[in-house]
Asker: 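Got a structure for you, questions after.
Counting from 1, the numbers follow the sequence of the chain as shown.
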Amino acid sequence: MISNAATSTPDRLTSTVRKTYPNFKVIVLNDDFNTFQHVSDCLLKYIPGMTGDRAWELTNQVHFDGLAVVWVGPQEQAELYHQQLRREGLTMAPLEKA
């Protein structure tokens, strides 16, 4: 006799593990030739969402601590901001993973 009962096999559990792309830090270094005003102006010009007060805080951090992380985010954008700031004459640390 043939059974009409359906046999089921357990479905394989499938899960996708999504890896996020690493973020990168854009770091400005202190130097002896860029003025506070120039550093602050460059941060305002090139870093999205930068405010005058925040630019001044970061500029002071560069001066007193020797460096400041001015932006963190995806690599492609980090490379762009790094290049723009370097072209303006700021002393930049190499990009590093956040």
Side-chain angles (χ1 to χ4, degrees):
M1 183 175 237
I2 299 177
S3 171
N4 287 339
T7 58
S8 66
T9 57
D11 289 315
R12 286 188 175 181
L13 294 177
T14 57
S15 65
T16 303
V17 177
R18 296 191 186 273
K19 290 186 177 180
T20 57
Y21 288 105
N23 282 333
F24 283 78
K25 296 187 242 183
V26 177
I27 302 169
V28 177
L29 301 174
N30 190 35
D31 57 41
D32 293 331
F33 47 88
N34 281 298
T35 65
F36 274 55
Q37 190 65 53
H38 180 64
V39 173
S40 180
D41 289 347
C42 289
L43 295 178
L44 276 169
K45 183 176 181 180
Y46 294 110
I47 303 298
M50 185 63 62
T51 65
D53 286 344
R54 183 67 179 140
W56 202 251
E57 286 173 21
L58 290 169
T59 300
N60 276 296
Q61 187 179 349
V62 168
H63 179 72
F64 291 109
D65 297 343
L67 60 88
V69 176
V70 299
W71 191 84
V72 177
Q75 183 176 5
E76 189 172 333
Q77 290 163 279
E79 288 172 346
L80 173 65
Y81 305 145
H82 185 273
Q83 182 179 50
Q84 289 170 325
L85 295 172
R86 191 179 65 229
R87 282 185 185 160
E88 290 284 350
L90 300 190
T91 303
M92 305 299 296
L95 285 178
E96 61 182 62
K97 287 185 181 179

Asker: To the nearest 0.5 angstrom, please state how far the OH atom of Tyr46 sits from the CZ atom of Arg86.
Answerer: 12.5 Å
Asker: The criterion is side chain to side chain donor-acceptor pair (under 3.5 Å); which residues satisfy it with Tyr81, sequence neighbours excluded?
Answerer: none
Asker: Under 4.5 Å between side-chain heavy atoms, counting indirect links through other Ile/Leu/Val/Met/Phe/Trp/Tyr residues: same cluster for Leu80 and Ile47 or not?
Answerer: yes
Asker: Assess whether atom CZ of Phe33 is packed by more than 12 heavy atoms of other residues, nucleotides or ligands within 6.0 Å.
Answerer: yes
Asker: Under a single-linkage definition using a 4.5 Å side-chain heavy-atom cutoff for Ile, Leu, Val, Met, Phe, Trp and Tyr, are Phe36 and Val39 assigned to the same hydrophobic cluster?
Answerer: no
Asker: Quick one: does Leu85's side chain get under 4.5 Å of Val28's, heavy atoms only?
Answerer: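 When only atoms from C-beta onward are counted, Val28 and Leu85 do touch, with a gap below 4.5 Å.
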Asker: Just grab all the salt bridge (Lys or Arg N to Asp or Glu O under 4.0 Å) pairs involving residues 35-52, residues at least two apart or on different chains.
Answerer: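 Qualifying pairs: Lys45-Glu88.
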Asker: List the atom pairs, donor and acceptor, that lie under 3.5 Å between side-chain atoms in residues 61-78 and the rest of the protein, sequence neighbours left out.
Answerer:
residue: Gln75; atom: NE2; partner: Glu79; partner atom: OE2; Å: 3.1

Asker: Which atom pairs, one a donor and one an acceptor, fall under 3.5 Å between side chains of residues 89-98 and the rest of the protein, sequence neighbours left out?
Answerer:
residue: Thr91; atom: OG1; partner: Asp31; partner atom: OD2; Å: 2.6
residue: Glu96; atom: OE2; partner: Lys25; partner atom: NZ; Å: 3.3

Asker: Residues two or more places apart in sequence or in another chain: which of them pass side chain to side chain contact (heavy atoms under 4.5 Å, CB included) with Thr35?
Answerer: Gln37, His38
Asker: Please list every donor-acceptor pair under 3.5 Å in which a side-chain atom of residues 49-57 meets a protein atom from a residue at least two apart or in another chain.
Answerer:
residue: Thr51; atom: OG1; partner: Arg54; partner atom: N; Å: 3.0
residue: Arg54; atom: NH1; partner: Glu57; partner atom: OE1; Å: 3.1

